[in-house]
Amino acid sequence: MQNPHIVYVLPWGARYSPTHRPGAIELSVEGFIASSRYESSTTVLGNKISDDSGNEHKPYRAGNFVPVKADERVRDSRHRWCALVIERLAELKPDVAIIQQTPLTNAQV
């Protein structure tokens with residue numbers, strides 16, 4: 001049997017990077033994935049990993065990171081964020097989607 005495809009959706013301000021002041025959510029997700037037998041089939045959706053100066057940050061090694069919007073960091077609208085998350089989930093077709101700490105995103109997605 002094939003491993004299930006799991007997608008973690010980070011809150012809209014979070015970035016999955018050890019070099020960009022990770023918070024408890026990013027650290028927890030990284031820990032869950034790193035210790036999971038499904039690490040190879042797990043994807044993390046979050047904001048593009050770069051700072052305001054355009055410096056790129058490396059994502060955690062655990063799981064596969066996919067930015068919700070490849071060419072920019074989404075900060076302007078929670079509704080836009082949710083629409084982009086829905087688009088990405090439709091593309092990825094996960095077996096399980098885990099929405100992290102964001103009830104409003106969970107309700108819309």
Side-chain angles (χ1 to χ4, degrees):
M1 185 171 127
Q2 189 176 9
N3 284 344
H5 183 202
I6 300 167
V7 173
Y8 281 88
V9 179
L10 296 179
W12 71 320
R15 286 170 282 183
Y16 194 59
S17 170
T19 59
H20 201 280
R21 296 174 298 214
I25 295 170
E26 296 95 321
L27 292 170
S28 296
V29 167
E30 191 272 339
F32 293 149
I33 296 170
S35 62
S36 171
R37 65 181 173 183
Y38 303 118
E39 179 182 1
S40 65
S41 62
T42 300
T43 301
V44 178
L45 287 179
N47 257 310
K48 180 182 176 187
I49 301 178
S50 64
D51 61 21
D52 293 332
S53 302
N55 299 316
E56 293 291 325
H57 296 269
K58 301 235 184 258
Y60 286 109
R61 291 184 181 165
N64 306 299
F65 176 78
V66 174
V68 171
K69 182 114 172 100
D71 57 347
E72 69 178 279
R73 183 173 172 211
V74 180
R75 301 191 274 196
D76 57 347
S77 165
R78 185 175 303 277
H79 294 291
R80 182 167 174 252
W81 170 260
C82 290
L84 291 167
V85 166
I86 291 167
E87 285 178 23
R88 281 290 193 197
L89 289 173
E91 291 169 11
L92 294 169
K93 296 179 178 39
D95 297 304
V96 178
I98 302 168
I99 312 294
Q100 289 295 313
Q101 301 287 328
T102 312
L104 292 175
T105 301
N106 195 30
Q108 290 185 38
V109 174

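The shown structure was predicted, so the numbers you read here are calculated from the model rather than taken from an experiment.
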Item to check | Side-chain donor/acceptor of N47 to backbone N/O of V74, under 3.5 Å | outcome: yes
Checklist outcome for this item: Nearest heavy-atom contact between F65 and P59 is CB-CB, 3.8 Å
Checklist entry - Under the 3.5 angstrom rule, does the side chain of Y16 hit a backbone N or O of K48 as a donor-acceptor pair? => result no
Checklist entry - How would you list, by chain and number, every residue that makes a salt bridge (charged side-chain N to carboxylate O under 4.0 Å, His left out) with E72, sequence neighbours excluded? => result R80
Checklist entry - Would you find a donor on one side and an acceptor on the other, under 3.5 Å apart, between the side chain of R88 and the backbone of P67? => result yes
Checklist entry - Is the backbone N or O of G23 less than 3.5 Å from a side-chain atom of E26, with the two atoms forming a donor-acceptor pair by type? => result yes
Item to check | Mutual orientation of the aromatic rings belonging to Y8 and F32 [parallel < 30°, tilted 30-60°, perpendicular > 60°] | outcome: parallel
Checklist entry - Is any side-chain heavy atom of L45 less than 4.5 Å from a side-chain heavy atom of L92? => result yes
Item to check | Within-4.5 Å side-chain heavy-atom neighbours: T19 and K58 | outcome: no
Checklist outcome for this item: Note: S77 and W12 closest approach over all heavy atoms is C-CZ3, 3.4 Å
Next on the checklist: Within the 4.5 Å heavy-atom criterion, are R15 and R73 side-chain neighbours or not?
Outcome noted: yes
Item to check | Y60 vs S17 side-chain heavy atoms within contact, under 4.5 Å | outcome: no
Checklist outcome for this item: Interatomic distance, CD@E39 vs CG@N64, rounded to 0.5 Å, equals 8.5 Å
Checklist entry - Would you call I6 and I98 a side-chain contact if the rule is heavy atoms closer than 4.5 Å? => result yes
Item to check | Pair I33-V44, side chain to side chain contact (heavy atoms under 4.5 Å, CB included): steps then yes or no | outcome: CA-CA 9 Å; I33 296 170; V44 178; 3.4 Å; yes
Next on the checklist: Apply side chain to side chain contact (heavy atoms under 4.5 Å, CB included) to residues V29 and Q100 and explain how you reach the verdict.
Outcome noted: CA-CA 9 Å; V29 167; Q100 289 295 313; 3.8 Å; yes
Checklist outcome for this item: Smallest heavy-atom separation, V7 atom then P94 atom, equals CG2-CB, 3.5 Å
Checklist entry - Among side-chain atoms of H5 and S41, is any donor-acceptor pair under 3.5 angstrom? => result no
